[in-house]
Amino acid sequence: MARYNPKDIEPKWRKRWDDEQAFLTATDRSRPKYYVLEMFPYPSGRIHMGHVRNYAMGDVIARFKRARGFNVLHTMGWDAFGLPAENAAMQTGAHPREWTYANIDHMRRELKQIGLAIDWSREFATSDLGYYRWQQKLFLDFWKAGFVERRESYVNWDPVDMTVLANEQVIDGKGWRSGAAVERKKLSQWFLKITDKAEDLLAALDDGRLKGWPDNVRLMQKNWIGKSKGLSMTFRLMDGTGPVIPENRAAIYPGPRDAGGRQPHGIPALRGAAPRAGRDDTNFPAEEGNGGIEIFTTRPDTLFGASFIAVAPDHPLAQRFAAKDKAVAAFINECQKTGTSQEAIDKAEKKGFRLPLEAEHPFLKGRKLPVYVANFILMGYGTGAIFGCPAHDERDHEFALKYRLDIIPVVLPPGEDPKTYSVAAAPYVGPGTLYNSSFLDGLSVDDAIEAAIARIEAIGAGKATTQYRLRNWGVSRQRYWGCPIPAIHCEKCGVVPVPEKDLPVKLPEVPASAFKVPGNPMDRMPEWRNVPCPECQGPARRETDTFDTFVDSSWYFARFAAARDDRPVDKGDCDYWLPVDQYIGGVEHAILHLLYARYVTRAMKETGHLSIEEPFANLFTQGMVTHATYSDQDGNWILPEEITSKSAGFGGEDCFPDELRGLIEAQLNNRTGEFWDAYREQTQSTGRFFFRDPQFSPLRVEGLIEFALIGPIEKMSKSKKNVVSPVDIIAKFGADAARWFILSDSPPERDVEWTDAGAAGAWKLVARIWETVEPHQGLLLAFPPPQSGGGVGAADGGGPLSHAARDSSPASGGANADLRRATHAAIHGVTEDIEHFRFNKAIARIYEFLATIRKAAPHPVIPENAEGIYPGPRSESGAPTSGGPGSPPPRGSGRDDTAGSTASWSLAEALSALVRLIAPFTPHLAEECWKHLGGKGLVCNAPWPAADKALLVKDEVVLPVQVNGKRRAEITVAASADAKAVEAFALADADVKRYTEGLTVRKVVVVPGRIVNIVAN
RNA sequence: GCGGGCGUGGCGGAACUGGUAGACGCAACGGACUUAAAAUCCGUUGAGGGAAACCUCGUGUGGGUUCGAGUCCCACCGCCCGCACCA
């Protein structure tokens, strides 16, 4: 029998798929389409197990949908721009382009080994001129349509990467890629106005347009957009330089003590428009508002509890005072120092600095509110100013305690007595009834909010407003390796778009050495930078910023579907292919990438490129691939491949010589310290010794052995060295086994732990399927499977088997009927499981099905000479095994007689189904089996088997019988038996009688097909 | 702090809308084959008790609803993820 050898077989079928262009996809409007897409990779150079998992999942779906009759689009490309290429240039001297494209070539070769059903003719990299030139065209269209803005603003500056980061790319005050503390810097920036679409981006999350998305991702996006309704209103200001309580003053800011001699501030006339509500950044007109301070609040009901006004350190009002008053400037400076960093923010004390201003309460004529600059007010949200109501807000409460401000309760919790209720100790933020609030008294919080807004609007002091947490998307990057932003700066005309006829703006050629210097080399290329203004022909210069790479990945799915040489995408083709039916990727992209892509899709719709607003109909977020970590006694991480383990027990199979054990134990017992305590405990609990030594060699034991400690199971990462290389795994076990295992062990949305034993188990399965199929060469020639299969719409039961009717008749009965039932149950179950992304369960069912087949068609016991069967570490280590793939050991006689005699067509049906059911998971094995059995054509083109529902129904069912809730017996009844008959049958059962003896039966619950429960006492 | 999710054998995990808990895989153990080992094949495997038939207990902890709870409700404990001074 030919031993299954993936090393030969897998490349053979991949070549065949290539030769036949099996996965080339044409736009074919006569057929139903299915677009499955996995998030495309960054070409870092090597594939990792996370890629294997991601693309294996997509491939299962793609192959499955093909078999179900869909015209499937499944593509691959490269998210190829970005900083690592420049970092590599800095370190290795290779030009970013060379580095990137060399990586792509290498990764493509590795990726192809997985055996994915991908239309490689559609491949592109975002760094291809053919891609990014159309991105420039899109940008110009967006610009024309008003989706683009450019302004000076404070930006998050990453001092290591020397670039600007979007707010979303700042994590805990650090750059998402470099991890460096982010600084504030003022720069002119390009923005895409995503906030204009905030409302629709939010609405789509809940109105059914994204019903195919996981709840948690929808929720994350909802929180990120952060809509809140409230009131924006203006507090009138007046000079507040009257009596300031000295001790209070001191407490405000223990800075340079010039309080005593401070001159009263004169308040110049305030002119100009009030700061606009809804502003989303820190860019302001030079002159701030006249009428007062505009604030935003979601709790206008608490206006009567207001006791102060606070503005952000960046607020223009604060800035203006800072310009004149060193103490203010010093305070602001201090705020900014502590402000930007991480969640120390959380513990940071609330601090304020009193400005010589007072605000007038809108309803209480005499009431004056002091105005502070406060470190906890964010310029980026709302208007950068608030009124403080210490009684009903945690932060305001803390602030008021510190600066001895009034704490006036205005909301009375249900059941509290207004005379005794106090908020001195803690604010109350829950629902209740208004009091101490004039015309709002007696109203609920919700009603009072409405009433207060109405009154403020009536007196013209403000209006109802909606705020979003979401900021506009800064897309400028001061980098070379990205898509150039097609704009020109002219002294006379300002910033003008590059005319379309002048597109593309190609990245200039720069020498690799240019990257030794930090910053953007394009800034240092006058010959490229200096161009005539397209409008006035005067001297002008090119924009040297390039796009954030999230722009690149925001429309690539459309380009895959409809690339053209003369436009970004073909709308007609997009109308057929889009939206993506199934998008698969990591949950780490739940917010950034997915939100941007949703926005860009809307923008493309409005500029006439697409007809849809939501790009991804169904989204699946897969878990990570994890692995145990190993470390040595110095705390250094160790690669899994360097680890050997030996049984610590006696007489184990691990061939661990007793005399060595003595030496090991002696060494262990002599040592003290944390590592050795942990090691001894590990040996106890696992029953094994772990060593750093890829091929455990007894000679090294004496003093030279290195012990290894197992650490926590974590996401595979280079820094912890807990990585296994997909290429090594494929070389060892084959791609099919790798695909099988990575999908078999855990539900796809959860993390999966890669273990060598599991991978070896998957390999065993591959071999066992071959071994089961092998004796039945040509079986399908005698009993061809139906070609009608499970096409679209022909779901389960849709494919009548010509011979099915014959054989499912009771006459055929017996073992055949059981096998047939198992076959159709497996088809039904696996189909459902794949549809619902339950790959682990689908695989469990295949195991069960295989066991049934093997019972029905016993296979001869395995050959005398099976060396090399298991391609594990042993054979890896050198000596080629005897025989080898080319010369299979002889395998008994008479194996061909099966097709004609022993095997019935029901076995043919079972094997034919089995092979097609495994095809999405282990495509190479499936092709080999299909060919061997005599299947027609390639199995990747074969129709999905259809389950005959009639065979799923059992005539008899086994029902458990409970007495008082405890299972006491089982009865077998006809499936059609009515409740009464079942009850009678159950009560008559001997075991049941035993337990009901002497008791009175009070009630009998019969759940048809499920259970019988007898209540007796 | 706010929001969301999850706790089931030695391990990964099954269990449809409440209906036989532990499918399937891994590991472990026993047996067959082998000079031997590996590989392969067959079997056992939640815990406790019993010679056996069987019995008792068991889904993080404590209560509750129900004929019946891993599943529903309340409280608590633990872990994971997202957001984090968003007014």
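Just so we're clear, the structure is a prediction, and the values are computed from it rather than from any experiment.
When distances run from any side-chain atom of A:I377 to the nucleotides B:G82, B:A87, B:C85, the shortest one goes to B:A87. Distances were taken from every side-chain heavy atom of A:R994 (C-beta onward) to each of B:C55, B:G68, B:A87; the shortest belongs to B:C55. Closest contact between the side chain of A:R968 and the listed nucleotides B:G82, B:U56, B:A14 involves B:U56.
Separation of the P atoms belonging to B:U71 and B:C55 is 24 Å when rounded to the nearest angstrom. Distance noted for atom P between B:C26 and B:A21: 26 Å (whole Å). Atom P of B:U45 sits at a distance of 15 Å from the matching atom of B:G30, rounded to the whole Å. Atom P of B:U56 sits at a distance of 33 Å from the matching atom of B:C6, rounded to the whole Å. Remark: the separation of the P atoms in B:G48 and B:U34 is 36 Å, to the nearest Å. Comparing the C1' positions of B:U59 and B:A47 gives an interatomic distance of 13 Å, to the nearest angstrom. Taking atom P on both B:C11 and B:A28, the two are 15 Å apart, rounded to the nearest angstrom. Nucleotides B:C33 and B:C24 place their C1' atoms 27 Å apart, quoted to the nearest Å.
When the P atom of B:A87 is taken as reference, atom OH of A:Y381 falls 4 Å away, rounded to whole Å. Put simply, CD1 on A:I449 is 12 Å from P on B:A87, counting in whole angstrom units. Following rounding to the nearest Å, A:L999 (CG) and B:C67 (P) show an atom-to-atom distance of 18 Å. Per the geometry, CD1 belonging to A:I453 stands 14 Å off C1' belonging to B:A87, to the nearest Å. Here B:C83 presents its C1' atom at 13 Å from CG of A:L378, a figure rounded to the nearest Å. What separates CG of A:N1017 from P of B:G68 is a distance of 12 Å, to the nearest Å. Atom C1' of nucleotide B:G12 and atom CD of A:E749 are separated by 14 Å, given to the nearest angstrom. Distance A:K227 NZ to B:C83 C1': 19 Å, rounded to the nearest Å.
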Would you list the protein and nucleotides 20-27 of chain B atom pairs, both N or O, that sit under 3.5 Å from each other?
{"from": "B:U20", "atom 1": "O2", "to": "A:E970", "atom 2": "OE2", "distance (Å)": "3.2"}
{"from": "B:U20", "atom 1": "N3", "to": "A:E970", "atom 2": "OE2", "distance (Å)": "3.2"}
{"from": "B:A23", "atom 1": "O2'", "to": "A:E848", "atom 2": "OE2", "distance (Å)": "2.7"}

Using atom names, set out every protein N or O paired with an N or O of nucleotides 71-74 of chain B below 3.5 Å, distance rounded to 0.1 Å.
none

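Taking side-chain N and O atoms only, A:R750 has a distance below 4.0 Å to OP1 or OP2 of B:G13. Close to B:U40, at under 4.0 Å from its OP1 or OP2, lies no side-chain N or O of A:Y4. A sub-4.0 Å separation between OP1 or OP2 of B:A84 and a side-chain N or O of A:R469 is present. OP1 and OP2 of B:C85 both lie 4.0 Å or more from every side-chain N or O belonging to A:K351.
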Using atom types as modelled, flag every donor-acceptor pair under 3.5 Å from a side chain in residues 959-967 of chain A to any protein atom, sequence neighbours excluded.
{"from": "A:N964", "atom 1": "OD1", "to": "A:A1016", "atom 2": "N", "distance (Å)": "3.0"}
{"from": "A:N964", "atom 1": "ND2", "to": "A:A1016", "atom 2": "O", "distance (Å)": "3.0"}

Requested in this report: Could you please spell out the steps behind the salt bridge (charged side-chain N to carboxylate O under 4.0 Å, His left out) verdict for A:E832 and A:K841?
Outcome: CA-CA 10 Å; A:E832 292 285 304; A:K841 287 175 65 183; over 6 Å; no
Query raised in the report: Are A:T195 and A:N472 close enough, and set up right, to give a side chain to side chain donor-acceptor pair (under 3.5 Å), and what steps lead you there?
Result: CA-CA 6 Å; A:T195 53; A:N472 275 344; 2.6 Å; yes
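Residue A:L219 is in sugar-phosphate contact alone, with no base atom involved, counting any heavy-atom pair closer than 4.0 Å across all strands shown. If you check every strand for non-hydrogen atoms under 4.0 Å, A:V1005 touches a base. Nucleic acid contact class of A:F399 (heavy atoms, under 4.0 Å, all strands): none.
If you find the closest nucleotide of RNA chain B to A:F376 and to A:Y995, the one lying nearer the 5' end belongs to A:Y995. Mapped onto RNA chain B by nearest heavy atom, A:R838 and A:A312 fall at different nucleotides, with A:R838 at the one closer to the 5' end.
In this structure A:A759 satisfies the side-chain contact (heavy atoms from CB on, under 4.5 Å) test together with A:F733, A:F741, A:W754, sequence neighbours excluded. With sequence neighbours excluded, the residues forming a side-chain contact (heavy atoms from CB on, under 4.5 Å) with A:A826 are A:F849, A:L917, listed by chain and number.
At distances below 3.5 Å, not a single donor-acceptor pair connects side-chain atoms of A:H397 with backbone N or O atoms of A:A391. In this structure a side-chain-to-backbone donor-acceptor pair under 3.5 Å is missing from A:D396 to A:P390. For the pair A:D393 (side chain) and A:E398 (backbone), a donor-acceptor distance under 3.5 Å is absent. With A:E749 contributing its side chain and A:T621 its backbone, the two residues share no donor-acceptor pair below 3.5 Å. Remark: side-chain polar atoms of A:T465 are paired, donor with acceptor, to backbone N or O of A:K463 under 3.5 angstrom.
Ring geometry for A:W770 against A:Y4 counts as tilted: the plane angle lies between 30° and 60°, on a 0 to 90° scale.
Because its NZ or CZ atom is both nearer than 6.0 Å to the ring centre of A:F376 and within 45° of the ring axis, A:K350 counts as a cation-pi partner of that residue.
Scanning RNA chain B for stems, defined as runs of 3 or more consecutive Watson-Crick or G-U wobble pairs whose donor-acceptor distances all fall under 3.5 Å, gives the following ranges: B:1-7 with B:77-83, B:10-12 with B:24-26, B:28-32 with B:40-44, B:46-49 with B:54-57, B:60-64 with B:72-76.
Less than 6.0 angstrom separates the ring centroid of A:F308 from the ring centroid of A:F399.
When only modelled atom types and interatomic distance are considered, A:S307 and A:Y403 share no side-chain donor-acceptor pair under 3.5 Å.
By the rule that a glycosidic angle within 90° of 0 means syn, B:G9 counts as syn.
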